[in-house]
Amino acid sequence: MQTHKAKRVEIIIEAPMEGRLTAALEKAGVTGFTVLPVLGGSGRSGRWTREGQVGRSGMVAVVCLVRPEKLDTLLEAAFTVVDRHIGVIGVTDAEVLRAERF
Amino acid sequence: MQTHKAKRVEIIIEAPMEGRLTAALEKAGVTGFTVLPVLGGSGRSGRWTREGQVGRSGMVAVVCLVRPEKLDTLLEAAFTVVDRHIGVIGVTDAEVLRAERF
Amino acid sequence: MQTHKAKRVEIIIEAPMEGRLTAALEKAGVTGFTVLPVLGGSGRSGRWTREGQVGRSGMVAVVCLVRPEKLDTLLEAAFTVVDRHIGVIGVTDAEVLRAERF
Amino acid sequence: MQDILSLATANLLTPMILCFALGLFAALARSELSIPEAVAKGMSIYLLFSIGFKGGVAVADHGLDATLLAALAVGVILSFVIPFVAFGLLKAMTRLSATDAAAVAAHYGSISIVTFVTGSSVVQGAGLVAEGYMVAVAAAMEAPAIISALYLASRSGGRAEKMDADLWREILLNGSIVLLVGSFLIGLVTGQPGMARIEAFIVAPFQGVLCLFLLDMGLVAGRGMRGAKGVMTPGVLAFGLVMPVVGAAFGLAAGMALGLSTGGVALMMVLAGSASYIAVPAAMRVALPDANPSVYLTLSLGVTFPFNLVIGIPAWVAVAQAVGG
Amino acid sequence: MQDILSLATANLLTPMILCFALGLFAALARSELSIPEAVAKGMSIYLLFSIGFKGGVAVADHGLDATLLAALAVGVILSFVIPFVAFGLLKAMTRLSATDAAAVAAHYGSISIVTFVTGSSVVQGAGLVAEGYMVAVAAAMEAPAIISALYLASRSGGRAEKMDADLWREILLNGSIVLLVGSFLIGLVTGQPGMARIEAFIVAPFQGVLCLFLLDMGLVAGRGMRGAKGVMTPGVLAFGLVMPVVGAAFGLAAGMALGLSTGGVALMMVLAGSASYIAVPAAMRVALPDANPSVYLTLSLGVTFPFNLVIGIPAWVAVAQAVGG
Amino acid sequence: MQDILSLATANLLTPMILCFALGLFAALARSELSIPEAVAKGMSIYLLFSIGFKGGVAVADHGLDATLLAALAVGVILSFVIPFVAFGLLKAMTRLSATDAAAVAAHYGSISIVTFVTGSSVVQGAGLVAEGYMVAVAAAMEAPAIISALYLASRSGGRAEKMDADLWREILLNGSIVLLVGSFLIGLVTGQPGMARIEAFIVAPFQGVLCLFLLDMGLVAGRGMRGAKGVMTPGVLAFGLVMPVVGAAFGLAAGMALGLSTGGVALMMVLAGSASYIAVPAAMRVALPDANPSVYLTLSLGVTFPFNLVIGIPAWVAVAQAVGG
Ligand SMILES: Nc1ncnc2c1ncn2[C@@H]1O[C@H](COP(=O)(O)O)[C@@H](O)[C@H]1O
Ligand SMILES: Nc1ncnc2c1ncn2[C@@H]1O[C@H](COP(=O)(O)O)[C@@H](O)[C@H]1O
Ligand SMILES: Nc1ncnc2c1ncn2[C@@H]1O[C@H](COP(=O)(O)O)[C@@H](O)[C@H]1O
Ligand code: NA
Ligand code: NA
Ligand code: NA
């Protein structure tokens with residue numbers, strides 16, 4: 001089937017920042033994204049698991065498929081939010097089926 | 001370690017369609033896949049979150065690693081199910097360790 | 001924005017092995033990873049869903065972003081744990097924003 | 001009329017309705033208050049099990065009434081017929097496409113179990129005793145409307161998926177039907193001795209659980225409303241307020257024709273006047289994917305459900321008492 | 001025999017057993033009815049906490065019995081020994097590999113807490129009072145069978161992982177052992193004053209919660225059965241029905257040798273005749289990964305658990321009464 | 001003093017404290033025992049709803065006390081002031097950065113709802129009756145401390161995010177405030193008739209649910225402790241033990257100045273001496289992201305919460321009785 005080049009961006013971020021991140025993405029023109037739950041992880045700020053948490057803490061993963069030319073706008077928007085916070089951003093090359101959707 | 005070329009297909013689809021999608025995949029000879037929960041997202045059909053849902057609604061992510069030559073069969077099978085429904089399909093190049101498994 | 005080459009490794013493994021896998025990763029010098037919940041899947045050992053499970057069973061997905069030169073150490077460490085168990089390992093090329101973190 | 005109004009006002013100040021209002025408020029004010037999905041589902045399983053079991057025990061106590069089969073048949077017919085009425089009203093009152101209108105019609109022909117549970121609790125609070133088999137009637141009314149809706153959609157040129165065996169099974173064996181009918185049968189078989197064993201679990205805490213569950217319903221309805229700007233034209237909104245009254249009128253006629261008790265007539269009105277928001281939406285996503293889920297979910301959950309909770313149920317109970325008493 | 005049969009039939013018509021049957025039916029009919037994992041785990045925590053606490057309070061009431069230590073020791077010995085018997089039977093009755101047979105044997109040496117909880121409820125329903133410390137015996141019987149199984153596997157050339165400190169900790173401090181022993185001790189320390197504070201929570205709703213929990217067990221067992229085509233040869237199936245009887249016979253002998261009360265003998269039979277499906281499967285995945293989980297999970301959960309629920313428990317209670325009364 | 005000690009010792013042997021201890025033990029021993037997040041959240045919703053509703057009904061019973069507004073105002077002032085005291089103590093006792101110290105100070109100015117719930121239960125167990133509106137005071141004390149802390153941080157050159165409308169809404173409409181105030185109002189409006197409907201759900205099982213909830217708190221606190229090596233210097237640890245006493249002294253003065261009942265004074269001490277671990281940490285992650293969450297979470301949850309549970313609460317109740325009786 002015919003596919004079109006795209007970028008897959010995966011952002012792991014603290015749950016209290018999720019709303020701010022998706023708002024920033026929408027402001028930057030990114031209208032498609034998916035939020036996945038995260039059970040735990042490890043990074044510079046140490047190891048954590050959902051079980052060791054109370055309240056709203058914890059992290060989520062936000063996945064966006066975008067056209068390659070939109071990548072920079074997206075990264076800048078995301079970076080403003082993630083910058084001072086715990087979290088990581090990874091980008092992979094991808095392909096999507098219906099380019100008109102992105 | 002020696003790795004082999006593969007494709008990673010990620011399908012985000014409405015939960016009520018999950019069974020039909022995996023049945024279509026199996027029918028197309030794809031025996032390996034993993035289903036991940038989804039908390040929320042945004043797309044052409046607007047923003048949704050799991051919290052704003054009742055009943056069986058919501059979405060899931062289905063991830064398949066397949067040999068490159070099987071990709072087209074997989075995409076066609078998946079597309080038949082996803083076509084008229086809410087959801088996206090993304091493909092990335094990947095590598096796997098034990099090719100005989102795929 | 002400036003990005004740096006990295007590898008994204010995704011390991012799907014039985015939940016009772018999660019602690020052993022992350023311990024092995026840490027021992028191999030991999031300090032960053034994220035654990036995602038899994039709802040179900042299919043593979044050589046057949047089809048399973050979380051609903052058909054009791055107790056601690058089920059699977060999780062562990063995602064690591066690492067520098068390319070660390071990939072082999074990571075795969076070897078992961079493989080020792082996954083080897084005789086149910087599960088798969090997939091690798092994709094990726095890019096990350098702040099290389100000093102990985 | 002005066003009586004009905006004062007009854008409705010009294011109903012407004014119960015913990016149940018106020019919990020629903022609290023949930024609505026929290027969602028509309030964008031508070032992050034939320035009840036975990038698993039807990040909400042656990043509560044709904046508890047409520048269904050409890051109401052099904054109690055219905056079964058009631059039937060075991062009073063013996064199988066000759067009207068049981070008649071009531072089931074009438075319920076099925078109502079569920080088949082009401083979508084045609086709803087479709088006609090929608091065509092007259094709104095500009096929805098035929099597919100959207102058919103999907104909405106399916107929801108109003110089917111029933112809302114939570115409305116039924118709340119109605120049962122209000123009926124009981126009014127000192128009435130309804131036929132225990134009304135839970136079986138509720139279960140019987142879930143599915144037929146879906147068939148009418150698919151017929152309406154394809155008659156109007158909509159692209160309905162064909163009803164394959166999987167879809168039939170999903171609809172007829174959906175979780176709430178199986179649980180409701182199953183616990184009804186368990187109550188029927190074990191009767192009072194069974195009740196004695198689990199009464200402390202399913203009777204005493206019932207209303208309290210219902211409060212927390214309606215808090216969650218308020219949260220969900222409020223979040224749905226927030227996301228539904230643009231979908232709600234005045235015509236669509238009006239339909240969501242008129243249709244439950246029309247449905248309840250059908251229920252009233254059916255209940256009286258069957259010769260049900262006052263409580264039974266009230267519950268028949270509640271059922272016919274309620275709109276599904278669990279089983280039917282899932283079926284529509286599979287069978288009528290081109291229909292816009294925002295329309296039917298907002299109508300059913302954001303307009304008709306609150307209307308029934310606050311105005312409909314107490315009004316139907318009062319009407320049934322006026323007519324039956 | 002007649003008595004045992006009529007008792008078993010009476011037991012069949014309790015809400016608990018019928019809820020299990022409803023779950024089985026729903027799963028086999030592929031209904032999408034399901035209880036969220038978190039809710040099911042929450043209910044199992046409630047049941048374990050309640051039964052442990054009640055056991056502790058019972059011991060606080062009656063004083064520490066001299067047979068407590070003896071019963072613990074006998075429980076540990078049974079758990080060590082039964083896997084050898086099970087392994088022998090499996091070799092005789094089935095064609096399972098040595099590794100698979102060893103893994104299955106571990107499950108039957110260990111115990112099923114849910115079977116024990118249900119058994120306690122039936123024992124109590126029969127008007128019997130068992131020793132409160134039986135919950136401690138249950139905890140003590142969980143782990144030893146694993147060691148026997150690993151010995152059996154490696155003696156037959158299987159590749160058992162070596163038991164490292166982590167695995168030991170996981171087995172000995174698994175959630176249900178810690179919760180059961182912990183709540184037993186809390187009940188022992190706080191006694192009746194503690195009971196008075198939380199009785200309304202842990203006593204009255206117990207049987208109702210157990211009903212919903214068994215509904216979930218039925219769903220899980222049924223889904224397991226559906227996925228297990230091909231694994232269940234007649235020999236394997238027969239083992240799953242014979243082994244609980246053999247185990248219960250060991251339990252009967254042990255209970256009478258210890259001089260337990262009638263209720264205590266019944267519970268000892270229930271424990272010895274039950275098969276683990278939580279702690280041992282997880283340990284097997286780590287320590288004996290080559291063993292096929294479908295075999296041991298289907299046997300334990302899909303064959304022996306339903307057998308014990310429906311036939312075993314009432315039969316053991318009747319046998320204990322016949323022997324003890 | 002003797003009395004206070006013996007009271008504290010009696011308190012140690014309640015099921016609630018022992019459940020907390022069991023959780024701590026299980027976590028420190030690295031048992032995999034865990035309570036699903038959804039269930040723990042469900043229990044906390046139950047506890048908040050129950051305590052808010054009961055407070056509202058109590059106010060409905062006794063009429064609106066003239067001191068209600070005064071108590072709310074005093075609560076707000078305490079929440080504003082205590083962070084300055086805490087910040088001063090932290091600067092004197094520890095080497096924490098200004099940003100970390102400000103973040104910690106916010107937690108101690110705010111309150112812990114679970115400590116308050118447990119305190120209410122102990123107050124009631126001591127035969128005391130507190131003002132029903134104390135739950136509203138609790139809600140009012142959650143947020144002001146955050147403002148003081150952000151002021152402290154920016155005064156010391158820390159990079160506090162500016163408080164935008166979103167952050168205000170998140171803080172003022174956080175889940176526990178909305179649920180507590182909402183259920184308080186529902187209780188106030190529905191009074192005894194409302195209570196009669198849901199009493200069996202919110203009163204009788206309360207202490208039992210609190211036990212399981214504290215078991216989970218013990219697990220979470222213990223896992224937090226395990227991950228906090230390196231953060232806990234002796235100075236920081238000492239602060240976590242001294243600050244609740246200082247806060248409680250403020251609460252004592254405030255409660256007596258307001259002329260509260262003995263139970264009310266005790267609860268005011270409990271509130272002022274407790275440290276937030278839900279609302280404030282989430283706000284700090286947004287508004288003061290450079291502050292180290294391990295420091296404030298470990299202090300609040302791993303040091304001060306257990307201290308209050310085991311020593312603080314019974315001591316404050318005894319002090320209030322000595323002073324007030
Ligand atoms: N290299 C990595 N690969 C995958 N996930 C990571 C990585 N580094 C950090 N994370 C995730 O991001 C969270 C915060 O990372 P950090 O800000 O480094 O503490 C961790 O808990 C992980 O869930
Ligand atoms: N560009 C995208 N990147 C990631 N996920 C997406 C994207 N577009 C849509 N989705 C996901 O697919 C769902 C349905 O999309 P749509 O059919 O466009 O409404 C959304 O709610 C998202 O979860
Ligand atoms: N090709 C694949 N793509 C994605 N996930 C897979 C694949 N193969 C296996 N899995 C996952 O790994 C689990 C165990 O696989 P297996 O060891 O092949 O039985 C499955 O249940 C799936 O969740
Ligand atoms: Na209807
Ligand atoms: Na056994
Ligand atoms: Na405080």
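Here the structure is a predicted model, which means the values were calculated and not measured. In what follows, every chain begins at residue 1, and chains take the letters A, B, ... in the order their sequences are listed.
- With a threshold of 4.5 angstrom between heavy atoms, S183(E) approaches chain F through N, CA, C or O but not through any side-chain atom.
- Residue contact with chain E, scored on non-hydrogen atoms closer than 4.5 Å, involves the backbone and the side chain of V209(F) alike.
- Not a single salt bridge (Lys or Arg N to Asp or Glu O under 4.0 Å) links D61(E) to another residue, sequence neighbours left out.
- Listed options A29(F), A26(F), G23(F) were ranked by heavy-atom pairs under 4.5 angstrom with chain E; first place goes to A29(F).
- For V178(E), the parts lying under 4.5 angstrom from a heavy atom of chain F are both the backbone and the side chain.
- Taking every heavy atom of both residues into account, L267(F) and A130(F) meet most closely at CD1-CB, 3.6 Å.
- No other option in I198(E), I202(E), L179(E) has as many heavy-atom pairs under 4.5 Å with chain F as I198(E).
- Aromatic ring pairs are classed by plane angle as parallel below 30°, tilted from 30° to 60° and perpendicular above 60°; the pair Y46(E) and F201(E) is perpendicular.
- Chain F forms more heavy-atom pairs under 4.5 Å with one residue of A38(E), G42(E), A200(E) than with any other, namely A38(E).
- Between M16(E) and the options L212(E), L215(E), L210(E), a side chain to side chain contact (heavy atoms under 4.5 Å, CB included) holds for only L210(E).
- For D166(E), the salt bridge (Lys or Arg N to Asp or Glu O under 4.0 Å) criterion is met by R169(E), not counting sequence neighbours.
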